[in-house]
Peer 1: 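The following block contains the structure, expressed as structure tokens.
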Amino acid sequence: MNSKLFITPKPNPNAELRLFCFPYAGGSPAIFTPWIEKASECVELVFVQLPGRGARLVEPAIDNMPDIISELMVHQDYMTSKPFAFFGHSLGSRISYELAFQLLDAGLPTPRKIFASASRAPHCTSTKRHLHGLPHDEFIAELRDLNGTPKEILENKELMELLVPLLRADFKIADTYVAEQRALPIPIHVFHGVDDEILNEHVAAWQELSAQPYQLTEFSGGHFFIHQYADEMISIINQQLA
């Protein structure tokens with residue numbers, strides 16, 4: 001299924017399982033490009049592209065979790081039409097958890113596994129400074145310090161005028177969303193950068209959200225280790241989903 005919301009870069013109708021990939025705040029499906037040729041033959045990658053993100057930049061960005069989940073649940077039949085798993089990085093991890101929660105409540109199939117990368121557990125309140133309401137120049141300075149937005153983009157004023165509303169919307173969700181603590185009947189594998197600023201107890205708290213075995217893989221690097229360790233991460237995912 002190729003649509004605005006779901007991008008299937010390499011359709012594989014014979015795949016046994018779909019892996020839905022949710023990017024970080026302000027990220028586009030392009031961050032998963034290195035995985036396309038490395039995913040197992042049994043896995044079909046599906047990149048999630050929400051309004052206001054990536055090729056949908058001209059659409060108003062959603063700035064709250066309930067509306068994001070509603071947007072996704074419209075397509076519940078497609079998402080659950082064959083076995084599936086979720087991968088999310090940072091904010092994408094928390095969207096994955098909330099979506100799995102909603103599928104369970106609706107009596108629908110749930111993901112075989114959740115891969116939660118670079119994220120505090122969703123029921124933990126953020127200890128970081130809230131960014132979404134900062135004045136423009138302070139907001140840009142914080143983005144620069146986070147090191148997740150390329151310098152050439154930050155210095156392109158016209159492009160940043162388009163991107164700032166999206167980034168503020170994503171950071172509003174990241175700053176304010178706190179999930180209900182509830183253990184899902186789904187195994188969770190957590191990826192964590194040892195130099196990330198996320199509190200260790202907030203990383204470990206993911207195990208409180210699963211009634212199944214919890215696994216943790218650590219990488220050197222900070223919050224955006226996904227770019228440095230793309231090969232290693234997709235290799236682990238392939239093994240886990242085999």
Peer 1: Rounded to the nearest 0.5 Å, what's the gap from CD on Glu44 to CG on Asn14? Could you check?
Peer 2: 9.5 Å
Peer 1: Might you confirm whether atom CD of Glu59 has over 12 heavy atoms from other residues, nucleotides or ligands at distances under 6.0 Å?
Peer 2: yes
Peer 1: Rounded to the nearest 0.5 Å, what separates atom CG in Leu104 from atom CD1 in Ile186?
Peer 2: 6.5 Å
Peer 1: Just by modelled atom types, is the Glu41 backbone N or O under 3.5 Å from a matching donor or acceptor in the Asn12 side chain?
Peer 2: yes
Peer 1: Can you tell me if Tyr229 and Ser220 form a side-chain donor-acceptor pair at under 3.5 Å?
Peer 2: yes
Peer 1: Would you call the rings of Tyr24 and His89 parallel, tilted or perpendicular, taking 30° and 60° as the class edges?
Peer 2: perpendicular
Peer 1: Mind checking whether Ile226 and Ile36 sit in one hydrophobic cluster, side chains of I, L, V, M, F, W, Y counted as touching below 4.5 Å?
Peer 2: yes
Peer 1: Check whether any side-chain heavy atom of Tyr97 sits under 4.5 Å from a side-chain heavy atom of His123, and report yes or no.
Peer 2: no
Peer 1: For Thr80 and Leu108, indicate whether the former's side chain and the latter's backbone hold a donor-acceptor pair under 3.5 Å.
Peer 2: no
Peer 1: Less than 6.0 Å separating the ring centroids of Phe6 and Phe20?
Peer 2: yes
Peer 1: Should Val48 and Met73 be regarded as members of a common hydrophobic cluster, given that ILVMFWY residues are connected when their side-chain heavy atoms come within less than 4.5 Å of each other, either directly or indirectly?
Peer 2: yes
Peer 1: Any side-chain heavy atom of Pro187 within less than 4.5 Å of one from Gln215?
Peer 2: no
Peer 1: Just do the side chain to side chain contact (heavy atoms under 4.5 Å, CB included) check on Leu209 and Gln181 with the steps written out, would you?
Peer 2: CA-CA 7 Å; Leu209 301 179; Gln181 182 177 344; 4.0 Å; yes
Peer 1: Please report the interatomic distance CD1(Ile188) to CH2(Trp206), rounded to the nearest 0.5 Å.
Peer 2: 6.0 Å
Peer 1: Strictly under 6.0 Å, is that where the ring centroids of Phe225 and His227 end up?
Peer 2: no
Peer 1: Under 6.0 Å between ring centres: does that hold for Phe22 and Phe86?
Peer 2: yes
Peer 1: Taking all heavy atoms of Leu45 and all of Pro9, pick out the closest pair and write down the distance.
Peer 2: O-CD, 3.4 Å
Peer 1: Check whether more than 12 heavy atoms from other residues, nucleotides or ligands sit under 6.0 Å from atom CD of Glu201, and answer yes or no.
Peer 2: yes
Peer 1: To the nearest 0.5 Å, what is the distance between CZ (Arg120) and CG (Leu199)?
Peer 2: 10.0 Å
Peer 1: Is there side-chain contact between Pro109 and Phe84, with at least one heavy-atom pair below 4.5 Å?
Peer 2: yes
Peer 1: Where is the tightest heavy-atom contact between Gly26 and Leu167, given as atom of each residue plus distance?
Peer 2: CA-CD2, 3.5 Å
Peer 1: Report yes if the side chains of Val46 and Tyr78 come closer than 4.5 Å at any heavy-atom pair, otherwise no.
Peer 2: yes
Peer 1: After noting the C-alpha distance and the side-chain angles of Asp63 and Asp170, does the key distance pass the side chain to side chain contact (heavy atoms under 4.5 Å, CB included) rule?
Peer 2: CA-CA 6 Å; Asp63 68 356; Asp170 274 358; over 6 Å; no
Peer 1: Any chance you could measure Ile68, atom CD1, to Leu91, atom CG, to the nearest 0.5 Å?
Peer 2: 6.5 Å
Peer 1: Hey, would you say the Trp35 and Phe47 ring centroids sit under 6.0 Å apart?
Peer 2: no
Peer 1: Membership question, hydrophobic clusters at under 4.5 Å side-chain separation (ILVMFWY): are Val178 and Leu99 in the same one?
Peer 2: no
Peer 1: Evaluate the criterion side-chain hydrogen bond (donor to acceptor under 3.5 Å, both in side chains) for residue pair Thr8 and Arg18; output intermediate values, then yes/no.
Peer 2: CA-CA 10 Å; Thr8 308; Arg18 291 191 182 106; over 6 Å; no
Peer 1: If you round to the nearest 0.5 Å, how far is NE2 of His223 from CD1 of Ile198?
Peer 2: 5.5 Å
Peer 1: Do Asp175 and Arg168 sit within salt-bridge range, that is, some charged N less than 4.0 Å from a carboxylate O?
Peer 2: no
Peer 1: Between Tyr177 and Glu98, do the side chains contain an N or O donor and an N or O acceptor separated by less than 3.5 Å?
Peer 2: yes
Peer 1: Hey, can you pull the donor-acceptor pairs under 3.5 Å for the side chains in residues 231-238, sequence neighbours left out?
Peer 2:
from   : atom 1 : to     : atom 2 : distance (Å)
Asn238 : OD1    : Ser40  : N      : 2.8
Asn238 : ND2    : Lys38  : O      : 2.9
Asn238 : ND2    : Ile234 : O      : 3.3

Peer 1: Using a 6.0 Å cut-off, check whether atom CZ of Arg112 has over 12 heavy atoms from anything other than its own residue.
Peer 2: no
Peer 1: Any donor-acceptor pair under 3.5 Å linking the side chain of Ser93 with the backbone of Ala116?
Peer 2: no
Peer 1: Are Lys10 and Glu37 side-chain neighbours, meaning at least one heavy-atom pair lies under 4.5 Å?
Peer 2: yes
Peer 1: Apply the side-chain hydrogen bond (donor to acceptor under 3.5 Å, both in side chains) test between Lys113 and each candidate in His189, Gln212, Gln240; give the one that qualifies.
Peer 2: Gln240
Peer 1: Is a side-chain N or O of Gln49 found less than 3.5 angstrom from the main chain of Lys4, in a donor-acceptor match?
Peer 2: yes
Peer 1: Of all the heavy-atom pairs spanning Pro23 and Cys21, show the shortest one and how long it is.
Peer 2: CD-O, 3.8 Å
Peer 1: Closest approach of Ile69 and Ile95, non-hydrogen atoms and distance?
Peer 2: CD1-O, 4.0 Å
Peer 1: Going by salt bridge (Lys or Arg N to Asp or Glu O under 4.0 Å), name the residues that satisfy it together with Lys82, two or more places apart in sequence or in a different chain.
Peer 2: none
Peer 1: Would you name the heavy atoms of Gly52 and Leu166 that are closest together and state the gap between them?
Peer 2: O-CD2, 3.4 Å
Peer 1: Using atom types as modelled and distance alone, determine if a side-chain donor or acceptor of Asp67 lies under 3.5 Å from a backbone N or O of Ile62.
Peer 2: no
Peer 1: Under 6.0 Å between ring centres, would you say that holds for Phe219 and His192?
Peer 2: no
Peer 1: Donor-acceptor check, side chain of Thr33 to backbone of Ala30, threshold 3.5 angstrom: yes or no?
Peer 2: yes
Peer 1: What are the two closest non-hydrogen atoms of Phe87 and Leu19, and how far apart are they?
Peer 2: N-CD1, 3.9 Å
Peer 1: Between Ser28 and Arg53, do the side chains contain an N or O donor and an N or O acceptor separated by less than 3.5 Å?
Peer 2: no
